[in-house]
Amino acid sequence: MYVIAGATGNTGSVVAKTLLAKGQSVRAIGRNADHLKALASRGAEPFVCDLTDQDALTKAFTGARAVYAMIPPAVTSEHYRAHQDQTTDSIAGAIEKAGVKHAVCLSSFGADKPDRTGPVAGLQYFEERLNKIPSLNALYLRAGYFMENTLAQIGIIKQMDVAAGPLRADLKLPMIATRDIGAAAAEDLLKLDFHGHKTRELLGQRDLTMMEAAAMIGDQIAKPDLQYVQAPNDQIRAAMIGMGMSANFVDLILEMAGALNSGHMRAVEPRGPRNTTPTSYETFVKDEFVPRYYGKSAAA
């Protein structure tokens, strides 16, 4: 039995579907029973609970061959880091009580730094807390910058006819599709060939700048001259709060952007076959960005 936290999310759903397709038993954890129905129809055992509920989570983890663990973002929380740490402590306590021996955990590049990385500092604590469980074999997938983050550009492009954000236009980023993170996690769960506490960066198909990403978007939405501009933090902050995010979360995102811009937060592994993933940004734009831009649902 594999137990998947965040099973209806971008990465967890791919992990669960991949394992089910391989004939494995899967217990899928989610907060909403309706959202778990699609996985249940594929043969998963649905388990409804909040990841901060350690007692429920202990029951969910009991009997697991391995666990996929992650901290879902709580973008409306005014105490984002505290919520992260609460979730971490709950997951760690449940792993200990249930006697879980293997876990593949979603982390981020930059989690090697203890501070000044915004929400990624919470993932550094996540890794450190699980490292204190001597009986646990844990693999931390330190993923690059999610391609899905650029979906926020849809509204900006429609309103301003330009892409904009807090990152430097010329900053090279390891951009990765969350589908590739899920596929890598499923692969590692099936192999279980890691021992102790290990890290594996996932750096996407290649490094790209936001200017290059904007040009690729423009090519596919009939805006061949689309540009990207680095906007002032106060403008970004107001826009993100206007989208419903908490001021606390937005401040952490801007701190992370600053860490990326300065090079404080960066990949530490040389790029190679083990940390390079297949989905190109051009493919992501075609499959995910363009349908949403034109008001259609992306393919499931």
Side-chain angles (χ1 to χ4, degrees), residues 2-22 24 26 28-30 39 44 51 66-73 75 84 87-88 91 102-112 117-120 122-124 126-127 130 138-152 173-194 198-208 213 256 260 265-269 271-285 287-289 298-300:
Y2 290 96
V3 181
I4 312 302
T8 60
N10 284 335
T11 62
S13 62
V14 175
V15 177
K17 289 173 185 176
T18 302
L19 293 174
L20 288 167
K22 296 284 187 179
Q24 302 297 319
V26 169
I29 300 174
L39 287 173
L51 296 184
V67 164
Y68 176 67
M70 52 87 69
I71 302 175
V75 301
Q84 280 183 302
T87 305
T88 286
I91 290 172
H102 286 86
V104 173
C105 309
L106 178 59
S107 186
S108 171
F109 79 124
D112 56 301
T117 57
V120 176
L123 299 176
Q124 201 267 349
F126 184 43
E127 292 187 13
L130 294 181
L139 176 63
Y140 307 110
L141 299 181
R142 291 181 174 174
Y145 186 84
F146 289 6
M147 292 179 184
E148 282 76 2
N149 291 341
T150 65
L151 293 173
L173 286 169
M175 290 196 187
I176 186 167
T178 55
R179 69 177 87 163
D180 288 353
I181 301 170
E187 173 191 16
D188 287 322
L189 285 166
L190 287 167
K191 289 180 179 178
L192 291 186
D193 58 356
F194 53 91
K198 307 292 185 184
T199 62
R200 176 190 179 187
E201 287 189 340
L202 295 175
L203 304 179
Q205 192 251 357
R206 68 192 192 277
D207 292 357
L208 293 171
M256 181 180 72
L260 289 166
M265 178 176 159
R266 62 186 185 275
V268 296
E269 293 180 10
R271 182 178 286 279
R274 181 164 165 76
N275 59 28
T276 296
T277 53
T279 303
S280 69
Y281 190 67
E282 293 92 333
T283 297
F284 173 81
V285 172
D287 292 349
E288 306 290 341
F289 193 101

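- In terms of heavy atoms, G6 sits closest to M70 at CA-SD, 4.0 Å.
- Atoms OG and CD, from S107 and E201 in turn, are 9.5 Å apart once rounded to the nearest 0.5 Å.
- Using a 4.5 Å heavy-atom threshold, the side chains of T279 and R179 count as touching.
- Between the side chain of T18 and the backbone N or O of V14, at least one donor-acceptor pair lies under 3.5 Å.
- None of N275, L123, D112 except one satisfies the side-chain contact (heavy atoms from CB on, under 4.5 Å) rule with R142; the exception is D112.
- The side-chain heavy atoms of L190 and Y2, taken from C-beta on, include a pair separated by under 4.5 Å.
- Between I176 and I181 the shortest side-chain heavy-atom distance falls below 4.5 Å.
- With sequence neighbours excluded, the residues that form a side chain to side chain contact (heavy atoms under 4.5 Å, CB included) with T8 are H35, L36.
- The two residues T88 and G122 have their closest heavy-atom pair at OG1-O, 4.4 Å.
- When side chains are defined from C-beta on, T150 counts as touching F284, because their heavy atoms get closer than 4.5 Å.
- Between Y281 and Q205, every side-chain heavy-atom pair lies at or beyond the 4.5 Å cut-off.
- Ion pairing of R206 with E282 is present here, as a side-chain N (NZ or NE/NH1/NH2) and a carboxylate O approach within less than 4.0 Å.
- Between E127 and A111, the closest heavy-atom pair is OE2-CB, 3.5 Å.
- Put simply, the side chain of E148 gets close to the backbone of T178: a donor and an acceptor are under 3.5 Å apart.
- Checking side-chain atoms of Y145 against main-chain N and O of L173 turns up no donor-acceptor pair under 3.5 Å.
- With Q84 contributing its side chain and I71 its backbone, the two residues share no donor-acceptor pair below 3.5 Å.
- Distance check: L39 CG to I4 CD1 gives 9.5 Å after rounding to the nearest 0.5 Å.
- A distance of 5.0 Å separates CZ in F194 from CG in L139, rounded to the nearest 0.5 Å.
- Counting all heavy atoms, side chain and backbone alike, L189 lies closest to A66 at CD2-CB, 3.7 Å.
- A donor-acceptor pair under 3.5 Å is absent between the side-chain atoms of T276 and the main chain of P273, judged by distance alone.
- Here CD of E187 is found 11.5 Å from CG of L19. Values are rounded to the nearest 0.5 Å.
- Listed by chain and number, the residues in a side chain to side chain donor-acceptor pair (under 3.5 Å) with D207 are R271 (sequence neighbours excluded).
- Residues that satisfy the side chain to side chain contact (heavy atoms under 4.5 Å, CB included) test with A5, not counting sequence neighbours, are L51.
- T117 approaches G110 most closely through the heavy-atom pair CG2-O, 4.1 Å.
- Between Y68 and the choices L106, V3, V26, the side-chain contact (heavy atoms from CB on, under 4.5 Å) rule is met once, by L106.
- Distance check, rounded to the nearest 0.5 Å: CZ of F109 to CE of M265 gives 4.0 Å.
- Between M175 and A213, the shortest heavy-atom distance links the atoms CE-CB, 4.1 Å.
- Atom CG of L202 and atom OG1 of T11 lie 11.0 Å apart (nearest 0.5 Å).
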